[in-house]
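For reference, the structure is listed below as structure tokens.
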Amino acid sequence: MDAYTRRTREWLDAIYEGPAGAPYVPHGPVHGFEPTSRYLGTYSHLYAILSELAALDFESCLEVGSGEGLLADLIRRVFGARVAGVDLSQRVCRRAAEVFELRCAAGEARE
């Protein structure tokens, strides 16, 4: 792992750990749809991805850069596919397991 990737992983781990002594605040709409939320752009993006996937025939999906696992969970629920994620941050993989019971491995996608 090069120095830039190592620093990026450390930065992501710190973000997904959250502030010391404070409750964790998700970085996306992981707790469901809220029409008045600040995530309207995220919802549009997710809809576009799911629409494209609807034209494909697949049984499994690996989401690279899965973050907290929202998209992978939607793919699992909408298409009934087996899903897994990979993300650079070990802590975000822990969050994905906590929030969505997503199998997620920490690592570099290029490896």
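Numbering of residues begins at 1 and proceeds along the displayed sequence.
Note: Ser44 OG to Ile49 CD1 = 11.0 Å, rounded to the nearest 0.5 Å. In this structure, CD on Glu68 lies 11.0 Å from SG on Cys93, to the nearest 0.5 angstrom. Distance check: Thr42 OG1 to Leu70 CG gives 8.5 Å after rounding to the nearest 0.5 Å.
Arg9 places a side-chain heavy atom less than 4.5 Å from the side chain of Leu88.
Among residues two or more places apart in sequence or in another chain, the ring pair (Phe, Tyr, Trp, His ring centres under 6.0 Å) test is passed with Tyr4 by none. In terms of the side-chain contact (heavy atoms from CB on, under 4.5 Å) criterion, residue partners of Arg91 (sequence neighbours excluded) are, by chain and number, Asp13, Tyr16, Glu17, Ser89, Arg94. Applying the side-chain hydrogen bond (donor to acceptor under 3.5 Å, both in side chains) rule to Glu108 yields the partners Arg110; only residues at least two apart in sequence or on another chain are considered. Residues passing the side-chain hydrogen bond (donor to acceptor under 3.5 Å, both in side chains) test with Thr5, sequence neighbours excluded: Asp2.
Minimum heavy-atom separation, Gly67 to Val92: C-CG2, 3.3 Å. Of all heavy-atom pairs between Ala96 and Cys104, the closest is CB-CB, 4.4 Å. Minimum heavy-atom separation, Leu102 to Ala84: CD1-CA, 3.9 Å.
Among pairs with a residue in residues 58-83, those fulfilling ring-ring contact (aromatic ring centres under 6.0 Å, His included) read Phe58-Phe79, at least two apart in sequence or across chains. Within the structure, the side-chain hydrogen bond (donor to acceptor under 3.5 Å, both in side chains) test picks out the following pairs touching residues 71-82 (sequence neighbours left out): Asp73-Arg76, Asp73-Arg77.
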Legend entry - Residue pair Arg7, Glu10: steps toward the salt bridge (Lys or Arg N to Asp or Glu O under 4.0 Å) verdict: CA-CA 5 Å; Arg7 285 192 313 272; Glu10 291 166 0; over 6 Å; no

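Formation of a donor-acceptor pair under 3.5 Å by the Glu63 side chain with backbone atoms of Ala72 is found in this model.
Hydrophobic clustering (ILVMFWY, side-chain heavy atoms < 4.5 Å, transitive): Leu46 and Leu56 are in one cluster. Under a hydrophobic clustering in which Ile, Leu, Val, Met, Phe, Trp and Tyr are joined whenever their side-chain heavy atoms come within less than 4.5 Å, directly or via other members, Val78 and Leu53 fall into the same cluster. Tyr43 and Tyr47 fall into different hydrophobic clusters, where Ile, Leu, Val, Met, Phe, Trp and Tyr residues are linked whenever their side-chain heavy atoms come under 4.5 Å apart, directly or through other members.
The hydrophobic cluster containing Val86, built from Ile/Leu/Val/Met/Phe/Trp/Tyr side-chain heavy atoms closer than 4.5 Å, also comprises Leu62, Val64.
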